[in-house]
Amino acid sequence: MKEQLYTIPLNDAVNADDECPFCFVERSVEQDLIDFVLGSSSSYMEADIREVTDKTGFCRKHFKQMFDYGNTLGNAWILKTHYRKMIEEMRKEFAHFKPGKASLKDKLRKNAESGNTIGMWVHEKEASCYICSHFRETYDRYMDTFFYLWREDDNFRKKVKDGKGFCLPHFAQVCEAADRRMSEREKGDFYEVMLPLMERNMNRISEDVSWLVEKFDYRNKDADWKNSRDAIQRGMQKLKGGYPADAPFKAGK
């Protein structure tokens with residue numbers, strides 16, 4: 001099947017022979033978005049972009065990635081006008097705030113939602129992030145493309161079947177997406193491949209980690225490392241996703 005512009009990133013992810021193609025996609029998309037926000041295009045200087053970032057803000061994870069990326073001036077501009085927007089909203093919340101009365105039952109329930117309007121406002125802001133929002137939109141399109149290629153491209157399907165599977169969080173997303181995007185017959189064929197693929201590769205990682213432990217036994221000091229040298233980061237990735245060994249993404253890279 002001839003590659004199209006929108007299929008290239010998925011093919012690149014599968015060709016990377018990574019522990020999870022969607023971790024590869026996720027990292028690429030996140031880095032592109034951080035580059036867009038703070039990179040040489042200077043989108044942080046565009047009034048329409050900063051109007052949106054002022055309103056939505058960024059989550060803790062992406063603030064940290066933005067700090068690691070660098071560009072002191074860009075981060076300062078974003079924070080300067082975002083703070084103005086936040087303080088404006090905060091004053092409105094404070095002006096309308098009335099402390100509520102909590103019952104004894106509510107006080108005893110540690111995880112009960114208090115209905116405190118200030119707390120609700122802060123939680124809403126914590127859940128709002130410019131990069132997360134754009135990432136979800138882009139990621140959904142890649143998920144659509146994955147299932148399109150699975151149906152239409154024999155070579156792509158073979159590479160997935162012969163590959164290293166997925167990390168568990170992304171595998172859950174693939175399974176959930178399959179339920180929405182596939183017919184009953186297609187799902188049967190799909191899971192017939194996916195479940196053994198995941199079990200095989202989870203066992204592979206487990207064996208690599210186990211051998212890494214054995215290498216610390218003095219009796220194995222001269223034995224071959226096999227595939228265990230990077231077993232820790234791959235093992236962590238397989239369980240939770242991401243790239244534990246990655247250096248921070250920085251400007252100019």
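We use all heavy atoms of the structure for the numbers below, so side chains are in, but hydrogens, waters and symmetry mates are not.
Scanning all heavy atoms of the two residues, the minimum distance from C23 to G242 falls at SG-N, 3.3 Å. Summarising the geometry of C20 relative to H170, their closest heavy-atom pair is SG-ND1, 3.5 Å, with the distance given to 0.1 Å. Taking every heavy atom of both residues into account, T56 and S128 meet most closely at O-OG, 2.7 Å. Taking each heavy atom of C167 and G241 in turn, the nearest pair found is SG-CA, 3.7 Å. The heavy-atom pair separating F36 from S41 by the smallest distance is O-OG, 3.5 Å.
Aromatic pair F22/F146: centroids less than 6.0 angstrom apart. A centroid separation of less than 6.0 Å is found between the aromatic rings of F190 and W150.
Between K250 and D68 there is no salt bridge, since no side-chain nitrogen of the basic residue lies less than 4.0 Å from a carboxylate oxygen of the acidic one. Between R157 and D154 there is a salt bridge, since a side-chain N of the basic residue sits under 4.0 Å from a carboxylate O of the acidic one. Taking the charged nitrogens against the carboxylate oxygens, K158 and D162 do have a contact shorter than 4.0 Å, which makes a salt bridge. In this structure, D217 pairs ionically with R219, as a charged nitrogen and a carboxylate oxygen lie closer than 4.0 Å. Under a 4.0 Å N-O distance rule, the pair R180/E176 does not qualify as a salt bridge. Note on E89 versus K125: salt bridge recorded, some NZ/NE/NH1/NH2 to OD/OE distance being below 4.0 Å. A salt bridge does not link R181 with E186: none of the charged nitrogens is closer than 4.0 Å to a carboxylate oxygen. Here E184 pairs with K187 in a salt bridge; the nearest charged N to carboxylate O distance falls below 4.0 Å.
Between the side chain of K161 and the main chain of V193, no donor-acceptor pair closer than 3.5 Å is present. Side-chain atoms of K238 never come within 3.5 Å of backbone atoms of L168 as a donor-acceptor pair (strictly under, hydrogens ignored). Looking only at distances, no side-chain donor or acceptor of N71 sits under 3.5 Å from a matching main-chain atom of G39. D35 contributes no side-chain N or O that, together with a main-chain N or O of Q31, makes up a donor-acceptor pair within less than 3.5 Å. Proximity of a side-chain donor or acceptor of S206 to a complementary backbone N or O of M202 within less than 3.5 Å is not detected. At least one donor-acceptor pair under 3.5 Å links the side chain of T138 to the backbone N or O of H134. A donor-acceptor contact shorter than 3.5 Å links the side chain of K215 to the backbone of A223. Under a 3.5 Å cut-off, the side chain of S133 and the backbone N or O of C129 do not form any donor-acceptor pair.
The distance from atom OH of Y191 to atom SG of C175, rounded to the nearest 0.5 Å, is 4.0 Å. The distance from atom CG of L33 to atom CD of Q65, rounded to the nearest 0.5 Å, is 10.0 Å. In this structure, the separation between CE on M143 and CG on D140 is 8.0 Å, given to the nearest 0.5 Å. Distance check: I87 CD1 to K92 NZ gives 13.5 Å after rounding to the nearest 0.5 Å. Considering CD of E199 and CG of N203, their distance stands at 5.5 Å, rounded to 0.5 Å. Taken from NZ in K164 to CD1 in I205, the straight-line distance is 7.5 Å, to the nearest 0.5 Å.
Residues M66 and L38 form a side-chain contact, since some pair of their non-hydrogen atoms from C-beta on lies under 4.5 Å apart. Side-chain contact between N116 and F97: present, with at least one pair of heavy atoms (C-beta onward) separated by less than 4.5 Å. A 4.5 Å side-chain heavy-atom check between V37 and T53 finds every atom pair outside the cut-off. Within the 4.5 Å cutoff, no side-chain heavy atoms of E46 are placed close to those of V52. L212 is not listed as a side-chain neighbour of R229, based on a closest heavy-atom distance of 4.5 Å or more. For the pair H62 and E30, the minimum side-chain heavy-atom distance is below 4.5 Å. Side-chain contact check for F166 versus E19: every heavy-atom pair is 4.5 Å or farther apart. Looking only at side-chain heavy atoms (C-beta outward), N227 and R234 come within less than 4.5 Å of each other.
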Practice problem: Run the numbers on I78 and F58 for side-chain contact (heavy atoms from CB on, under 4.5 Å), then give the verdict. | Solution: CA-CA 10 Å; I78 288 168; F58 299 88; 3.6 Å; yes
Exercise. Any chance you could lay out the side-chain contact (heavy atoms from CB on, under 4.5 Å) test for E207 and K226, step after step, and finish with the verdict?
Key: CA-CA 10 Å; E207 290 168 5; K226 301 179 184 178; over 6 Å; no
Quiz prompt | Verdict with supporting geometry, D54 and R84, salt bridge (charged side-chain N to carboxylate O under 4.0 Å, His left out) | solution = CA-CA 8 Å; D54 287 347; R84 289 176 182 171; over 6 Å; no
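Tracing side-chain contacts under 4.5 Å through hydrophobic residues (I, L, V, M, F, W, Y), one never reaches F63 starting from F67; they form parts of separate clusters. Hydrophobic clustering places F171 together with L239 (ILVMFWY residues linked when any side-chain heavy atoms are closer than 4.5 Å, directly or through intermediates). Hydrophobic cluster membership differs between F135 and Y243, with clusters built from Ile, Leu, Val, Met, Phe, Trp and Tyr side chains linked at under 4.5 angstrom. Residues L73 and I49 fall within the same hydrophobic cluster, defined by Ile, Leu, Val, Met, Phe, Trp and Tyr side chains chained together at heavy-atom separations under 4.5 Å. One hydrophobic cluster, built from ILVMFWY side chains closer than 4.5 Å, holds both M86 and F94.
Enclosure of atom CD in E93 by more than 12 non-hydrogen atoms of other residues, nucleotides or ligands within 6.0 angstrom is indicated. Residue I232 qualifies as open at atom CD1: its count of foreign heavy atoms under 6.0 Å is 12 or below. Heavy atoms of other residues, nucleotides or ligands lying less than 6.0 angstrom from CD of E137 number more than 12. The local environment of CH2 in W77 is sparse, with at most 12 non-hydrogen atoms from other residues, nucleotides or ligands closer than 6.0 Å.
A donor atom on one side chain and an acceptor atom on the other are not found under 3.5 Å apart for Y148 and D153. Donor-acceptor pairing under 3.5 Å is lacking for the side chains of S228 and D208. In this structure, a donor-acceptor pair under 3.5 Å is present between the side chains of Y139 and Q173. Between the side chains of Q237 and D18, at least one donor N or O lies within less than 3.5 Å of an accepting N or O. If you check the side chains of N201 and R204, you find a donor sitting under 3.5 Å from an acceptor.
Relative to the ring axis of Y44, R50 does not place its NZ or CZ within 45° and under 6.0 Å from the centre.
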